[in-house]
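Inspection log for the structure reproduced underneath, given as structure tokens.
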Amino acid sequence: MCWMAALLAVDGRQYMYRVYAPPDALRGDVFRAAFHCHDEGPHPRASDRFDSAELWRLLPAARPGITDRRRRRGPATISVIVAGPL
């Protein structure tokens, strides 16, 4: 399961991150994982205010006859998918 996090930076752009975390993950943990990934990168500083971020969960695509048995547990991992203005 993955979440999307949009962080607002001081340059006025929003930076998007895909966060792999369980469906019942706390929104604060998803935000913190994306924020720390952004903070370690070369991009301008992002707002550390939780209220300024947009977070949403992506639902898996339905495939007939296939069940998803790969449930992720443990710490969230981050991968950058888009960096730039939206």
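Computed from a predicted model, the values in this text were never measured in an experiment.
- Rounding to the nearest 0.5 Å places CD of Gln14 at 9.0 Å from OG of Ser52.
- Expressed to the nearest 0.5 Å, how far CE of Met16 lies from CD of Glu54 amounts to 8.0 Å.
- Residue Tyr17 holds its OH atom at 10.0 Å from CZ of Phe35, rounded to the nearest 0.5 Å.
- In this structure the side chain of Phe31 never reaches within 4.5 angstrom of the side chain of Val19, judged on heavy atoms.
- Under the 4.5 Å side-chain heavy-atom criterion for grouping Ile, Leu, Val, Met, Phe, Trp and Tyr, Phe50 is connected to Tyr15 within one hydrophobic cluster.
- In this structure, CG in Leu7 is found 10.5 Å from CG in Asp48, a value given to the nearest 0.5 Å.
- Side-chain contact between Trp3 and Asp29: absent, with no pair of heavy atoms (C-beta onward) separated by less than 4.5 Å.
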